[in-house]
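Here is the structure we will look at.
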Number of protein chains: 2
Amino acid sequence: MSSIYQVAEMAGVSVATVSRVINQRGYVSEKSRLKVQEAINILHYTPNQAAQSLTTSSTKLIGLLVPDINNPVFLEQSKGINDYLKDKGYILMYAESGEDDEEMSNMVRRFLSNRVDGIILCSRDFTQFGDMDAIIEPALKNNVHVVLNGYVDSKFEIDRVGFDNVRGAYLATEHLLKMGHSSIALIAGTDSTISEERYRGYREAHIDNHVSLNPALVVKGDFRQHSGYEAMLKILQMNPRPTAVFAMNDVMAIGAMMALEDHKVSVPDEIAVAGFDDIIWCSLIRPRLTSVVQPKYEIGKKLAEFLLSRMNESYSGPGRHEIFGSRLAVRQSTVKSEQQ
Amino acid sequence: MSSIYQVAEMAGVSVATVSRVINQRGYVSEKSRLKVQEAINILHYTPNQAAQSLTTSSTKLIGLLVPDINNPVFLEQSKGINDYLKDKGYILMYAESGEDDEEMSNMVRRFLSNRVDGIILCSRDFTQFGDMDAIIEPALKNNVHVVLNGYVDSKFEIDRVGFDNVRGAYLATEHLLKMGHSSIALIAGTDSTISEERYRGYREAHIDNHVSLNPALVVKGDFRQHSGYEAMLKILQMNPRPTAVFAMNDVMAIGAMMALEDHKVSVPDEIAVAGFDDIIWCSLIRPRLTSVVQPKYEIGKKLAEFLLSRMNESYSGPGRHEIFGSRLAVRQSTVKSEQQ
DNA sequence: ATTCCTTGTGTAACATGTTACACATTTTTG
DNA sequence: CAAAAATGTGTAACATGTTACACAAGGAAT
């Protein structure tokens, strides 16, 4: 790898001059500039970011930690983050962490070691981490800002971007109730704030519409497709059988629909299904899946925006918490053909 | 950010000793080790990768350039790459480049600037780039190895991982012919080696099965969903109307199926549809889409493997070219119900 | 007792870039 | 024309690690 010294030597100038040419700063004569430029081309020289960041103490690197790159929700969020950061000259260091304290901590350390300028942490739920503060403390103590997508109780002033889960679940449940269903099974996710909030929406919609809640209708899943499938098998055994199902995320809803397909139960005529997240698969599957729309892309952008404003110190107050609102996308899976 | 000097001072030893503790190299007394460890904990110290890589000239960073993170094909490939690299201590720098010379070149430069240890370039087709060699030359000239997924003519000794497109297209076409279709429309992709090869498979299957080729049955798309939709509209206008369609990738096949759905043409009874890539969506859509299985995950792993073997110099011969074989996943979209 | 390992630690050079400061020219101003 | 300002360039210090080499001290071998 060629260094600035080699360029300087070839161009017959000092390293300071080369540096000035590259960074377009200070005075450089046209003649010197040309000679330097030529040397750079011949040597295919690129400044070493590592060395650069030693002096500037900025790497233009942002660490992004997501639980699962394959999950369409995080994928689209990442896209929002990337789009916002890209033209500001930042580049992402992606890492996948599963949902596990240990690994998360390691990746944060790895990011710090790479002296990222900031860190974005995404999770389905941070409450599961024993001590989230312990994970982010090393970053904060070293003046690297962190923003989160999700929920945490933290003693630090952290910016968070969230989503109105209560309202979203409320909308989906209300819609099902309005479609005439009075017995709506719920496929829940793992114990977490998200699950709690979505449950609360489900509950409140029942109360507001004067429909009694039946705890027996709640089946626990784990946010993954297979658990949706299994949950639906249990629901099919129920007597009387519910006429609608609300799953706490789309992936489980799709698993549920597959179970219904395998058992030749028609959707939505025999059982209506609604999901949450509005991932792209909702429009692919037939019948198309009714789902709560989460502005994933915008959430990603907002995360990036929060982070950048912290980094360039245009904001440094208490932790901000932006909550994005909900909308329901009504599709075939909840609307009987004769009602269309 | 704390540095090794601060740790050394706090522990009352020299920086060399701290370095030895961190890298577990050389002799360090237990007493010193403990003092250093404690200082590290108190300061939340992490070695600066940038400074580290100055001396070791290794960053443990691998640059990965994909045209579109949202495309399931590249996503799964990335997963394969990431899984292989992760436990070897490497971390990925993802970048998305669209399919454009300029941007690609920039990102490679950016990677070099970050002194990545190696670069993986993915593309649907490299032949579209005027001068691929110009893009990778800066890397190679600086001793940074590059591996590619796809096709290129290069004067350099580059490892490539490809896929047997001819055979894949052959299998899909043959399958359709065997199902009794003699008029098979082809939804082609953009001009590229991939398209050419997939066309060749389509052609050869016809010849081997003594079915005459009809150029009028070929409709051009661009590998994207919408173009598949449009192409199918044209196919529906044909007279006589073909009874089967083979799309050069799944995304277009799915677009085509949506067009058929909108026009109430039943799949596979009136028109059979087959795609290429076997993305996850094939099993989501109804009827499930018959598709050529590309071992995307394995391709990703192989890319990473090739790169690493170059990097640690366990291989340094001429450019290798591994071609993965094909298999057809026959699903509902090509098999009429009474034949099942 | 003398020589030779083994263990433990520090000093200083080096990796690559940025930049404050010094110095030399030119050009402009009064 | 002298003084002041603008332009152009180099030297050296610094950012943060790694590591070769020097030096000490304690035992073991001769």
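In this text, all values refer to a predicted model and were calculated from it rather than measured experimentally. In what follows, chains are A, B, ... by sequence order, proteins preceding strands, each numbered from 1. No hydrogens, no waters, no symmetry mates; every other heavy atom, side chains included, goes into these values.
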### Message
For B:S32 and B:S29, which I'm curious about, is there any donor-acceptor pair between the side chains at under 3.5 Å?
### Response
yes
### Task
Please name all residues satisfying side chain to side chain contact (heavy atoms under 4.5 Å, CB included) with A:I22, sequence neighbours left out, ordered by chain then number.
A:V18, A:I40, A:Y45, A:P47
### Message
Considering every strand and a 4.0 Å limit on heavy-atom distances, what is the contact class for A:R25: base, sugar-phosphate, or nothing?
### Response
sugar-phosphate
Review item, side-chain donor-acceptor pairs of residues 137-148 of chain B, under 3.5 Å, at least two apart:
from, atom 1, to, atom 2, distance (Å)
B:E137, OE2, B:K141, NZ, 2.9
B:N142, ND2, A:H44, O, 3.0
B:N142, ND2, B:P138, O, 2.8
B:H145, NE2, B:R310, O, 3.4

### Message
Regarding A:S3, tell me which of base, sugar-phosphate or nothing describes its non-hydrogen contacts under 4.0 Å with the strands shown.
### Response
sugar-phosphate
### Message
Can you list, in residue-number order, the parts of residues 32-50 of chain B that come under 4.0 Å of DNA chain C, counting heavy atoms only?
### Response
B:S32
### Task
Taking side chain to side chain contact (heavy atoms under 4.5 Å, CB included) as the test, write out the residues that go with B:S3, two or more places apart.
B:Y5, B:Q6
### Query
Above 12 or not: heavy atoms from other molecules or residues under 6.0 Å from CZ of B:R224?
no
### Query
Less than 4.5 Å apart, any side-chain heavy atom of A:S19 and any of A:I4?
yes
#### Entry: Crowding at CD, B:E157 (>12 non-hydrogen neighbours, <6.0 Å)
yes
### Task
Taking all heavy atoms of B:K60 and all of B:D117, pick out the closest pair and write down the distance.
N-OD2, 2.7 Å
### salt bridge (Lys or Arg N to Asp or Glu O under 4.0 Å) involving A:E313 - partner list, sequence neighbours excluded
none
### Query
When you check the gap from the basic side-chain N to the acidic O, do A:E76 and A:K79 get nearer than 4.0 Å?
no
### Query
Are the charged groups of B:E30 and B:R33 less than 4.0 angstrom apart, N to O?
yes
### B:Y94 ring center within less than 6.0 Å of A:Y94 ring center
yes
### Task
Please list, by residue number, the residues of residues 52-61 of chain A whose heavy atoms come closer than 4.0 Å to an atom of DNA chain C; answer none if no residue qualifies.
A:Q52, A:T55
### Proximity to DNA chain D (any heavy atom under 4.0 Å), residues of residues 6-15 of chain B only
none
### Query
Can you check the B:Y27 OH to C:dG8 C1' distance for me, whole Å?
9 Å
### Task
Return the angle between end axes of the helix from C:dA1-D:dT30 to C:dG30-D:dC1, with five pairs used per end and rounding to 10°.
40°
### Query
At under 4.0 Å between heavy atoms, what does B:T17 touch on the DNA or RNA strands: base, sugar-phosphate, or nothing?
sugar-phosphate
### Query
Between which nucleotides of DNA chain D, read 5' to 3', does contact with chain A run, using atoms under 4.0 Å from its heavy atoms?
D:dT7 to D:dG17
## Note on the structure
Quick note, salt bridge (Lys or Arg N to Asp or Glu O under 4.0 Å) partners involving residues 83-95 of chain A, not counting sequence neighbours, are A:K86-B:E103
#### Entry: Sequence-distant partners of A:R25, side chain to side chain donor-acceptor pair (under 3.5 Å), two or more places apart
none
### Message
Suppose we screen for side chain to side chain contact (heavy atoms under 4.5 Å, CB included). Which residues come up paired with A:S309, at least two apart in sequence or across chains?
### Response
A:S314, A:Y315, A:R320
### Message
Expressed as a whole number of angstroms, how long is the span from B:I4:CD1 to C:dT9:C1'?
### Response
14 Å
